[in-house]
> 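Pasting in a structure now, in structure tokens, and then I'll have a few things to ask.
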Amino acid sequence: KKQHILTYNCCATVIGPEDHTYDFATGKCACGVQVEASATVSGSTVYYNSLEEAMSVVKDAVEEQQAKVRLYQDVQGEFTVPTGTYTLDLNGNTISSKAAYECALIIPENAVVTLTGNGKVLSKYRAVMVEGTLTVENGYFEGAQAALWNNGSLTINGGTFVATGTEPDEYGNVFGSGLYVHYMATETVLNTADAQFQGYVEDIDLYMATLTINMAQNDPDWTLTFSN
């Protein structure tokens, strides 16, 4: 419902229906109604009862529209985000997949997404699968096989990426990389020493791929260890 009934607190007199007024920070109306997400395009924000509805609004958005989807509640499932250029603000909330071989977030080709909001993305498989273009600003990402799996273009400006490890396959192999970069990836860039990678097998796995590391002169000391 888009409206609530307005009453006087003193005498419970019904005045009539009134449109919900949502707080952009929390997604709540003063009457107690809570939405799941909002979509902002060209400065105009509309609130929705599902993340899918909000994401459909920014489909094919262009950079000049400064589109943004903001999440207000934890959600479960495998979410393939739409094409277009926009920001996905987790707003401190969690996206988690349900099934054993579901990714929590899939960034398809022709999607240019900035992921921010210090939220969590959790999966029993791959937390985030990148086929398009993704910039990660912050957050916590955890997957069994990989926290981040890059087949496209990926830029990391911050975040924590943890792999918990898969069950052994028929040959006894176990997989688990904080960051996995496939040879099909066009670009993988690490712009900070603050990002944390914790793999069950490898912290970072480059499969016939390259990783570009850009560090400022005032960044703290850090070490990369390579092994076969």
Side-chain angles (χ1 to χ4, degrees), residues 51 68-79 81 87-98 100-107 111-167 174-182 185 187-207 209-216 218-227:
L51 177 59
K68 174 184 284 189
V69 172
R70 172 171 275 198
L71 186 62
Y72 296 110
Q73 299 185 52
D74 295 345
V75 294
Q76 283 191 315
E78 183 176 69
F79 297 90
V81 303
T87 296
L88 176 56
D89 180 1
L90 298 184
N91 195 28
N93 295 288
T94 300
I95 296 176
S96 55
S97 63
K98 294 180 180 180
Y101 291 99
E102 278 186 347
C103 302
L105 274 179
I106 299 174
I107 313 299
V112 181
V113 180
T114 299
L115 190 57
T116 190
N118 273 314
K120 295 181 179 180
V121 183
L122 312 176
S123 173
K124 299 174 184 177
Y125 184 44
R126 303 168 184 170
V128 182
M129 178 76 168
V130 182
E131 302 283 354
T133 300
L134 175 67
T135 298
V136 179
E137 296 292 347
N138 46 52
Y140 178 86
F141 304 82
E142 181 181 298
Q145 189 180 66
L148 280 179
W149 184 290
N150 185 26
N151 282 353
S153 176
L154 172 66
T155 300
I156 299 170
N157 294 328
T160 299
F161 309 92
V162 177
T164 56
T166 63
E167 294 294 327
V174 175
F175 303 93
S177 305
L179 168 63
Y180 181 90
V181 183
H182 194 267
E187 183 179 42
T188 308
V189 179
L190 176 61
N191 283 331
T192 178
D194 294 330
Q196 302 293 319
F197 300 91
Q198 181 181 336
Y200 187 83
V201 179
E202 311 96 355
D203 292 342
I204 299 176
D205 188 355
L206 305 177
Y207 179 59
T210 60
L211 172 65
T212 301
I213 302 172
N214 299 318
M215 298 295 169
N218 59 352
D219 275 336
D221 293 337
W222 56 278
T223 302
L224 277 179
T225 302
F226 296 92
S227 60

> Please identify which of these residues, D74, L122, V75, meets the side chain to side chain contact (heavy atoms under 4.5 Å, CB included) condition with S96.
L122

> Decide yes or no for T116 and N138: does some side-chain heavy atom of the first lie under 4.5 Å from some side-chain heavy atom of the second?
yes

> Considering non-hydrogen atoms only, spot the tightest contact between S177 and D205 and give its length.
OG-CB, 3.5 Å

> Supply the atom-to-atom distance I213 CD1 to N191 CG, rounded to the nearest 0.5 angstrom.
10.5 Å

> How close do T114 and E137 get, heavy atom to heavy atom, and via which atoms?
CG2-CG, 3.8 Å

> Would the number of heavy atoms belonging to other residues, nucleotides or ligands and lying under 6.0 Å from CD of E102 be above 12?
yes

> Does L179 reach the side chain of D203, with side-chain heavy atoms less than 4.5 Å apart?
no

> Can you list the steps and then say if T94 with V121 is a side chain to side chain contact (heavy atoms under 4.5 Å, CB included)?
CA-CA 6 Å; T94 300; V121 183; over 6 Å; no

> Between N151 and A185 (side chain of the first, backbone of the second, donor and acceptor by atom type, cut-off under 3.5 Å), is there such a pair?
no

> Answer yes or no: is there a side-chain heavy-atom contact under 4.5 Å between L88 and L105?
yes

> How many angstroms lie between atom CD1 of I156 and atom CZ of F141, to the nearest 0.5 angstrom?
9.0 Å

> Quick one, I95 and L90 - any side-chain contact, counting heavy atoms below 4.5 Å?
yes

> What is the distance from atom OG1 of T164 to atom CD of Q145, rounded to the nearest 0.5 Å?
10.5 Å

> As an exercise, state the distance from CD of E131 to OG of S153, rounded to the nearest 0.5 Å.
12.5 Å

> Give the minimum heavy-atom separation between V81 and A111, together with the two atoms involved.
CG2-CB, 4.5 Å

> So, E78 versus S97: side-chain donor-acceptor pair below 3.5 Å or not?
no

> Evaluate the side-chain proximity of T212 to T188: yes if any heavy-atom separation is below 4.5 Å, no if none is.
no

> Starting at CG of N91, measure out to CD of Q73 and round the result to the nearest 0.5 Å.
11.0 Å

> Keeping T166 on the side-chain end and F175 on the backbone end, is there a donor-acceptor pair under 3.5 Å?
yes

> Of the options F161, F197, W149, which is the one that meets Y180 in a ring pair (Phe, Tyr, Trp, His ring centres under 6.0 Å)?
W149

> Within this structure, what is the CD-OG1 distance for the pair E187 and T155, rounded to the nearest 0.5 Å?
5.5 Å

> Output all residues satisfying ring-ring contact (aromatic ring centres under 6.0 Å, His included) with Y200, sequence neighbours left out; order by chain, then residue number.
none

> A side-chain contact here means heavy atoms from C-beta on lying under 4.5 Å apart; do L71 and L51 qualify?
yes

> Return the minimal non-hydrogen interatomic distance between L190 and A195, and the atom names on each side.
CD1-CB, 4.0 Å

> Which heavy atom in D89 sits nearest to a heavy atom in G117, and how many Å separate them?
OD1-CA, 3.1 Å

> So, for N150 and L154, which heavy atoms are closest and what is the spacing to 0.1 Å?
ND2-CB, 3.5 Å

> Will you find, in the side chains of N157 and T192, an N or O donor that is under 3.5 Å from an N or O acceptor?
no

> Let me see the working for V113 and T135 under side chain to side chain contact (heavy atoms under 4.5 Å, CB included), right down to the final yes or no.
CA-CA 6 Å; V113 180; T135 298; over 6 Å; no

